Amino acid sequence: MKLKDLGEFNFINRIGRKIKLSGRVIKGIGDDAAVLKYTRDKYLLFTTDMLIEGKHFNEDDKAGLVGAKSLSCNISDIAAMGGVPKFAVCSVGLPDSLDLKYADELYEGIKKIAQRFEVDLVGGDTVCSKKIVINIALIGEVEKENLTLRSGAKGNDIIFITGNIGGSIKFRHLNFTPRFKEARFLVKNFKINSMIDVSDGLLADLGHILKESNKGAAICEKTIPLSKYAAGFDSAVRDGEDFELVFTLSERYADRLENMWPFKTRLSKIGRILNGRKGFTLVRKSEKSERIKPAGFTHF
Ligand code: ADP
Ligand code: MG
């Protein structure tokens, strides 16, 4: 059997099934970051992401933006847990023929984001490779009461999304702001029942919330905010790398959240969590409902 026959998510589940964890792990594989025992009132968060030339960025993309993205996508995962990023290590594989200027700019990009989000870059590893590879691992922390998992969605919760989705690959995936301040506002002021950042596509990532929470959802086409780069609704909900937050909270608080929202970042109600029916029901602009699969980007 080949990896592509198994699929990325089945492969990851298979790794998870074979690992026995100690009692210090609150949540291992299966969320945006691992959650580990830490202090009396806080958990430690731990996440990593890898970018590969030709896959996540191309030779002619600006090195500074590639560096910025490599840290920003990790910060996005810590934000999706309700947490605060703290310490990063950065490993790079670089061709020995690479221009020093490129390598410098790459690190300038990482440093800019590190400074902006108060992350300390404390180490890494350097190897020679044919293609450029960047892997950052990031530690964060979160007050116990603010921890937000994928698994907490409740029946009748309202589903919200920040920003606009779709077509990110054309430009925005290298130049996005992780929704850190939005996430902290949410967890400090509301009981957010579940949250994820959109890296594989809205349907796939909301699908992770549904699976982990054992729920279904109804979403409305007309309320889903498309970016100007989106090629249309059906591809926008499957495109990856939006790095927006999708979250759910009790309908009792939904109006208050909309009234209190202090950011320029758009906030949209896109649907509702369902107790009974699993999977997605999509209400089209014509008001017709259809069942859809949570497909999105997978690596294989
Ligand atoms: P995200 O898009 O939020 O970064 P992923 O889809 O990459 O999340 O990963 C989902 C979960 O699977 C995470 O908990 C991640 O740590 C875990 N995971 C992914 N790849 C591996 C791997 N090779 N070994 C162990 N865990 C993995
Ligand atoms: Mg994520």
Side-chain angles (χ1 to χ4, degrees), residues 3-4 6-22 24-36 43-52 55-57 69-85 88-91 117 133-140 142 147-153 160-163 165 168-169 173 176-180 182-183 186-187 192 194-213 237-248 294-300:
L3 283 177
K4 66 177 180 209
L6 189 62
E8 179 190 346
F9 295 121
N10 290 329
F11 173 66
I12 294 172
N13 288 339
R14 193 181 144 92
I15 298 171
R17 280 200 304 274
K18 291 182 177 168
I19 292 175
K20 221 171 136 23
L21 298 171
S22 77
R24 291 166 304 201
V25 180
I26 306 291
K27 176 78 201 176
I29 294 173
D31 216 302
D32 293 297
V35 184
L36 312 168
Y43 293 122
L44 204 62
L45 301 170
F46 196 11
T47 188
T48 186
D49 255 299
M50 180 150 61
L51 303 183
I52 294 191
K55 196 92 201 166
H56 301 93
F57 63 94
K69 176 180 180 176
S70 69
L71 182 53
S72 291
C73 55
N74 283 286
I75 294 174
S76 179
D77 277 325
I78 295 290
M81 306 300 288
V84 181
V89 290
C90 175
S91 300
F117 291 93
V133 183
I134 308 162
N135 170 234
I136 290 189
L138 179 63
I139 286 179
V142 62
L147 175 69
T148 313
L149 299 173
R150 295 176 177 179
S151 57
F160 281 92
I161 190 166
T162 62
I165 60 156
S168 176
I169 201 66
H173 77 111
F176 67 94
T177 304
R179 302 300 188 197
F180 167 68
E182 290 85 351
L186 288 168
V187 297
I192 304 301
S194 64
M195 184 149 63
I196 190 168
D197 69 324
V198 181
S199 53
D200 298 330
L202 171 60
L203 286 185
D205 287 312
L206 181 55
H208 293 317
I209 287 186
L210 300 186
K211 183 161 172 281
E212 293 286 322
S213 304
V237 293
R238 293 174 176 84
D239 290 349
E241 310 245 304
D242 299 296
F243 298 106
E244 297 296 345
L245 295 172
V246 174
F247 60 92
T248 78
F297 179 81
T298 57
H299 286 278
F300 43 73

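In listed order, ligands and their atoms are each counted from 1. This is a predicted model, so every value here is computed, not measured.
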For ligand 1, find each of its N or O atoms that sits under 3.5 Å from a protein N or O atom, and tabulate the pairs with distances to one decimal place.
residue  : atom   : partner : partner atom : Å
ligand 1 : 2 (O)  : S199    : OG           : 2.8
ligand 1 : 3 (O)  : D32     : OD1          : 2.9
ligand 1 : 3 (O)  : D77     : OD1          : 3.0
ligand 1 : 3 (O)  : R150    : NH2          : 3.2
ligand 1 : 4 (O)  : D77     : OD2          : 3.2
ligand 1 : 14 (O) : G30     : N            : 2.8
ligand 1 : 14 (O) : D31     : N            : 3.4
ligand 1 : 14 (O) : D31     : O            : 2.9

May I ask you to decide if the ring planes of F243 and F176 are parallel, tilted or perpendicular, using 30° and 60° as cut-offs? parallel

Does T148 reach the main-chain N or O of G82 with its side chain, forming a donor-acceptor pair under 3.5 Å? no

Under 3.5 Å donor-acceptor, D205 side chain and S199 backbone: yes

Within the 4.5 Å heavy-atom criterion, are L149 and E212 side-chain neighbours or not? no

So which heavy atom on S194 is nearest to which on R150, and how close? CB-O, 3.7 Å

Looking only at non-hydrogen atoms, find the nearest pair between H173 and K69 and report the distance. ND1-NZ, 2.9 Å

Could you please tell me which protein N, O or S atoms lie under 2.8 Å from the Mg ion (ligand 2)? D32 OD1, D77 OD1, D197 OD1

Run the side chain to side chain contact (heavy atoms under 4.5 Å, CB included) test on M81 and D77 for me, step by step, so that the C-alpha distance in whole Å, both residues' side-chain angles and the decisive distance to 0.1 Å come before the verdict. CA-CA 7 Å; M81 306 300 288; D77 277 325; over 6 Å; no

Look up atom OG1 in T248 and atom CD1 in I209, then write down how far apart they are to the nearest 0.5 Å. 6.0 Å

Taking atom types as modelled, is there a side-chain donor on N135 or T48 under 3.5 Å from an acceptor on the other? yes

